[in-house]
2 protein chains.
Amino acid sequence: MKTRDKILLSSLELFNERGERNVTTNHIAAHLAISPGNLYYHFRNKSDIIYEIFLEYEKLVDFYLDIPEDRPLTLEDMTFYLESVFDGLWSYRFFHRDLEYLLDGDRRLRQDYREFTNRCLDAISRIFEKLAEAGIIEPQPDELRAAMSLNVWLVITNWMAFLKTAHAGEESATLTLTELKQGIYQVLTLEVPYLTSAYRERVMALRERYRPQLPETAVAPQAQTAEASLIKN
Amino acid sequence: MKTRDKILLSSLELFNERGERNVTTNHIAAHLAISPGNLYYHFRNKSDIIYEIFLEYEKLVDFYLDIPEDRPLTLEDMTFYLESVFDGLWSYRFFHRDLEYLLDGDRRLRQDYREFTNRCLDAISRIFEKLAEAGIIEPQPDELRAAMSLNVWLVITNWMAFLKTAHAGEESATLTLTELKQGIYQVLTLEVPYLTSAYRERVMALRERYRPQLPETAVAPQAQTAEASLIKN
DNA sequence: GACTCACTAGAGTATATACTCTAATAATAC
DNA sequence: GTATTATTAGAGTATATACTCTAGTGAGTC
């Protein structure tokens with residue numbers, strides 16, 4: 001494997017593990033047992049490394065969110081989209097964590113990310129449209145569908161931050177892909193009131209599969225009162 | 001005003017303006033025209049400053065999210081809660097931006113923030129419960145209400161990041177309280193399918209007041225197709 | 001064997017950052 | 001007034017960080 005690719009791979013790994021802010025170019029070089037000079041031969045600066053990683057992420061998501069125009073969507077399609085999006089979030093999880101800072105420092109990235117977001121929002125909206133066509137959810141006016149899609153995006157992109165900050169035990173760090181995918185439960189929660197009676201049972205069963213297993217005080221207080229929850233914490 | 005309070009105030013101001021990561025203790029001291037030593041006389045370190053600011057934030061939100069147990073909730077109450085929460089987010093907007101990093105470096109803060117989140121989630125859930133009691137929204141099973149509350153929280157806490165990253169023009173920075181409060185539109189979108197017929201009209205009218213004014217491609221593609229939107233970007 | 005050229009090592013640097021230390025001054029108590 | 005305490009200034013420091021510079025090395029070409 002080429003040094004350049006090794007740098008990208010190691011950077012992604014370290015960024016995901018420790019957060020971009022805590023990973024210096026010297027760390028990356030040390031981790032690969034190459035010299036800083038070598039790293040800077042392949043990349044002009046740290047921003048360039050991050051930008052290239054973003055391009056990979058973008059390509060991955062764009063690939064998975066390609067929506068077939070020639071056939072209706074199925075429940076399996078929807079599951080695939082959700083699984084894929086959360087897989088992507090997991091693989092590049094450092095990215096959303098320091099997003100604002102990263103965009104502040106790189107004009108290209110800011111521009112590209114904006115367009116990327118818009119493509120994702122359009123894709124989500126298209127998916128809802130086609131789910132309605134397939135009779136899985138009730139059709140909704142454009143305006144409501146757009147606002148719903150945006151909420152889906154907000155839930156998806158913020159789910160991990162929630163897990164890491166509110167949900168995590170004493171020490172953070174321990175976050176698994178399985179936990180992350182409980183975000184699918186949250187996304188499906190948004191769909192619940194729009195499900196058609198024909199599909200309601202099936203989607204609710206699907207949703208149940210992603211329900212958080214342990215009774216988490218933070219995630220699903222369930223049948224406990226506000227008071228009981230306060231005491232427990 | 002005491003130097004200590006001036007430090008807290010200036011820190012908050014600078015953090016909000018430039019992001020915690022871009023503000024050093026030396027910047028804060030310089031901004032106040034005091035010496036770094038003076039700053040470190042009043043605070044052991046930067047984390048301590050942030051922690052105290054968090055305590056203020058926490059107190060503010062807890063104050064506003066106090067839910068009356070002796071009377072039913074009205075639409076006006078709900079509006080007040082939403083307005084207050086977004087006001088709080090605005091005043092301490094640096095906080096959620098660098099949340100993960102901040103929690104990583106301060107155990108107290110991590111613990112306190114977890115409890116804070118749980119209190120907020122409980123409050124949101126209580127509000128939904130009381131809105132149902134008041135006949136504004138249809139009552140829902142505990143489990144669904146908990147998941148909905150969590151989605152509300154995710155939308156609220158991520159709305160600003162969305163504005164700053166996806167929505168902003170070429171240069172970031174320009175973000176107003178008015179734009180921020182369009183987040184209320186997004187939160188009310190979550191309630192739409194649960195509204196009772198008795199209140200539907202009134203809540204939809206309220207929601208309309210927070211609708212983004214300009215036709216934002218990112219926020220509300222409205223009647224445009226996915227293709228048209230892609231070309232525009 | 002001379003030459004090219006992609007690639008690499010490793011020491012080095014300018015700057016920033018969080019924080020410390022000492023000495024001095026202002027405020028308050030007695 | 002004197003003693004004590006709270007507050008402040010300002011120079012200084014250890015470390016980190018992003019990045020540079022010079023001097024190569026080794027594989028292929030003619």
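Every chain is numbered from 1 and lettered A, B, ... according to where its sequence line falls, protein lines coming before strand lines.
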Q: Closest-nucleotide mapping onto DNA chain C: is B/V23 or A/H42 further toward the 5' terminus? I mean the 5' end.
A: A/H42
Q: Where does the chain B footprint on DNA chain C start and end, counting 5' to 3' with a 4.0 Å heavy-atom cut-off?
A: C/dT17 to C/dC21
Q: Without decimals, in angstroms, what is the distance between B/F43 CZ and D/dT8 C1'?
A: 15 Å
Q: Can you check whether A/Y185's main-chain N or O pairs, donor with acceptor, with A/T189's side chain at less than 3.5 Å?
A: yes
Q: Where each residue is assigned the nucleotide of DNA chain D containing its nearest heavy atom, which of B/N26 and B/R4 is assigned the position nearer the 5′ end?
A: B/R4
Q: Students often mix this up, so state it plainly: with edges at 30° and 60°, are the rings of B/F116 and B/Y113 parallel, tilted or perpendicular?
A: tilted
Q: Under 4.0 Å between a side-chain N/O of B/S35 and OP1 or OP2 of D/dA9, yes or no?
A: yes
Q: Mind checking if A/L39 touches a base, just sugar-phosphate, or nothing, with heavy atoms under 4.0 Å?
A: nothing
Q: Could you check how far CG of B/D5 sits from P of D/dT7, rounded to whole Å?
A: 11 Å
Q: If each of A/N38 and A/T24 is mapped to the nucleotide of DNA chain D with the nearest heavy atom, which maps nearer the 5' terminus, i.e. the 5' end?
A: A/T24
Q: With sugar-phosphate meaning primed atoms plus P, OP1 and OP2, does A/A33 contact a base, only sugar-phosphate, or nothing at under 4.0 Å between heavy atoms?
A: sugar-phosphate
Q: For nucleotides 3-5 of chain D, print each protein N/O atom paired with a nucleotide N/O atom at under 3.5 Å, atom names and distance only.
A:
none

Q: Can you tell me how far the CD1 atom of A/I67 sits from the OH atom of A/Y81, to the nearest 0.5 Å?
A: 5.0 Å
Q: Are the side chains of B/F162 and A/L150 in contact, using a 4.5 Å heavy-atom criterion?
A: yes
Q: Among A/R21, A/K164, A/H96, which one satisfies side-chain hydrogen bond (donor to acceptor under 3.5 Å, both in side chains) with B/E100?
A: A/K164
Q: Please name the pair of heavy atoms, one in B/S91 and one in B/L12, separated by the smallest distance, quoted to 0.1 Å.
A: O-CD1, 3.5 Å
Q: Quick check on the 6.0 Å ring-centre criterion: do B/Y92 and B/F15 meet it?
A: no
Q: Can a donor-acceptor pair be found, under 3.5 Å and without considering hydrogens, that links the side chain of B/N151 to the backbone of A/Q186?
A: yes
Q: So, for B/L39 and B/I7, which heavy atoms are closest and what is the spacing to 0.1 Å?
A: CA-CD1, 3.9 Å
